[in-house]
J.: 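I have a structure here, written as structure tokens, and I will follow up with some questions on it.
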Amino acid sequence: MKQKMVLKVQMNCEKCRSQALRIAAATQGVTNMAIQGKEKDELMVTGDGVDSVKLTRCLRKKLHHATILTIEEIKEEKKEEKKDDEPYYVCYPSYPMPPQIMVQDPCQYQACSIM
């Protein structure tokens, strides 16, 4: 169940905004987050199975003020797959085999001159 939630968080400076994003990123199940709103005081978080109460509690501990504005479920659009009656075949191009090179040992046919 994918959901989108918007939290109002007290973020007065860039340090507070980056800290809020870090907290949201560390929360289990979060896939996307962004800061939005006219005053850049809203944190939009999307994810699968995100615990909104736990996230709000963590934000309150660090930033002292956080409230849940909206929580809505995102419905994923199912794409219809085309099913043809013909089977699907994969054809890979044939590559020519490299020519085999014969290497002969030059010492094999020479007589030993040490003796």
Side-chain angles (χ1 to χ4, degrees):
M1 168 177 81
K2 217 167 191 184
Q3 59 186 359
K4 174 185 172 184
M5 62 184 79
V6 179
L7 306 164
K8 184 167 178 117
V9 184
Q10 182 179 357
M11 298 181 283
N12 300 328
C13 60
E14 279 299 315
K15 183 178 177 184
C16 296
R17 289 184 189 102
S18 65
Q19 191 172 16
L21 288 173
R22 260 188 271 129
I23 292 168
T27 305
Q28 184 177 6
V30 173
T31 57
N32 192 9
M33 65 215 150
I35 294 176
Q36 63 184 17
K38 191 173 182 180
E39 299 173 7
K40 293 187 177 182
D41 61 345
E42 294 177 0
L43 180 66
M44 190 265 308
V45 178
T46 58
D48 191 24
V50 180
D51 188 2
S52 59
V53 175
K54 184 178 178 182
L55 176 60
T56 307
R57 191 179 300 147
C58 289
L59 288 168
R60 282 180 185 160
K61 282 182 181 179
K62 295 290 182 176
L63 301 172
H64 305 294
H65 181 74
T67 56
I68 300 172
L69 294 179
T70 61
I71 298 176
E72 58 188 49
E73 188 174 330
I74 299 174
K75 295 180 182 177
E76 296 181 19
E77 297 177 6
K78 294 183 180 179
K79 296 180 181 177
E80 294 181 21
E81 296 180 10
K82 292 183 179 180
K83 293 185 178 180
D84 296 332
D85 294 336
E86 298 177 17
Y88 180 74
Y89 294 104
V90 177
C91 182
Y92 295 105
S94 60
Y95 295 105
M97 295 295 290
Q100 294 182 356
I101 300 171
M102 298 293 286
V103 178
Q104 294 180 354
D105 188 12
C107 297
Q108 183 180 11
Y109 298 109
Q110 293 179 354
C112 185
S113 61
I114 296 175
M115 294 182 108

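We're numbering straight along the sequence, starting at 1. All figures in this text were calculated on a predicted structure; none of them were measured in a lab.
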J.: Could you note down all residue pairs passing side chain to side chain donor-acceptor pair (under 3.5 Å) where residues 48-63 supplies at least one of them, sequence neighbours left out?
T.: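 Qualifying pairs, neighbours excluded: none.
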J.: Test of understanding: with salt bridge (Lys or Arg N to Asp or Glu O under 4.0 Å), list the residues that count as partners of E14, not counting sequence neighbours.
T.: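 Scan of E14 (salt bridge (Lys or Arg N to Asp or Glu O under 4.0 Å), adjacent residues dropped) gives R17.
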J.: When rounded to the nearest 0.5 angstrom, what is the spacing between SG in C16 and NE2 in H65?
T.: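 It is 13.0 Å, given to the nearest 0.5 Å.
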J.: According to the salt bridge (charged side-chain N to carboxylate O under 4.0 Å, His left out) rule, which pairs have a member within residues 24-44, sequence neighbours left out?
T.: K8-D41
J.: Other than V50, which residues form its hydrophobic cluster under the rule that side-chain heavy atoms must be closer than 4.5 Å?
T.: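 Besides V50, the cluster holds M5, L7, V9, M11, L21, I23, V30, M33, I35, L43, V45, L55, L59, L63, I68, I71.
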J.: Using the side-chain contact (heavy atoms from CB on, under 4.5 Å) criterion, which residues pair with K4? Sequence neighbours excluded.
T.: M44, T46, E72, I74
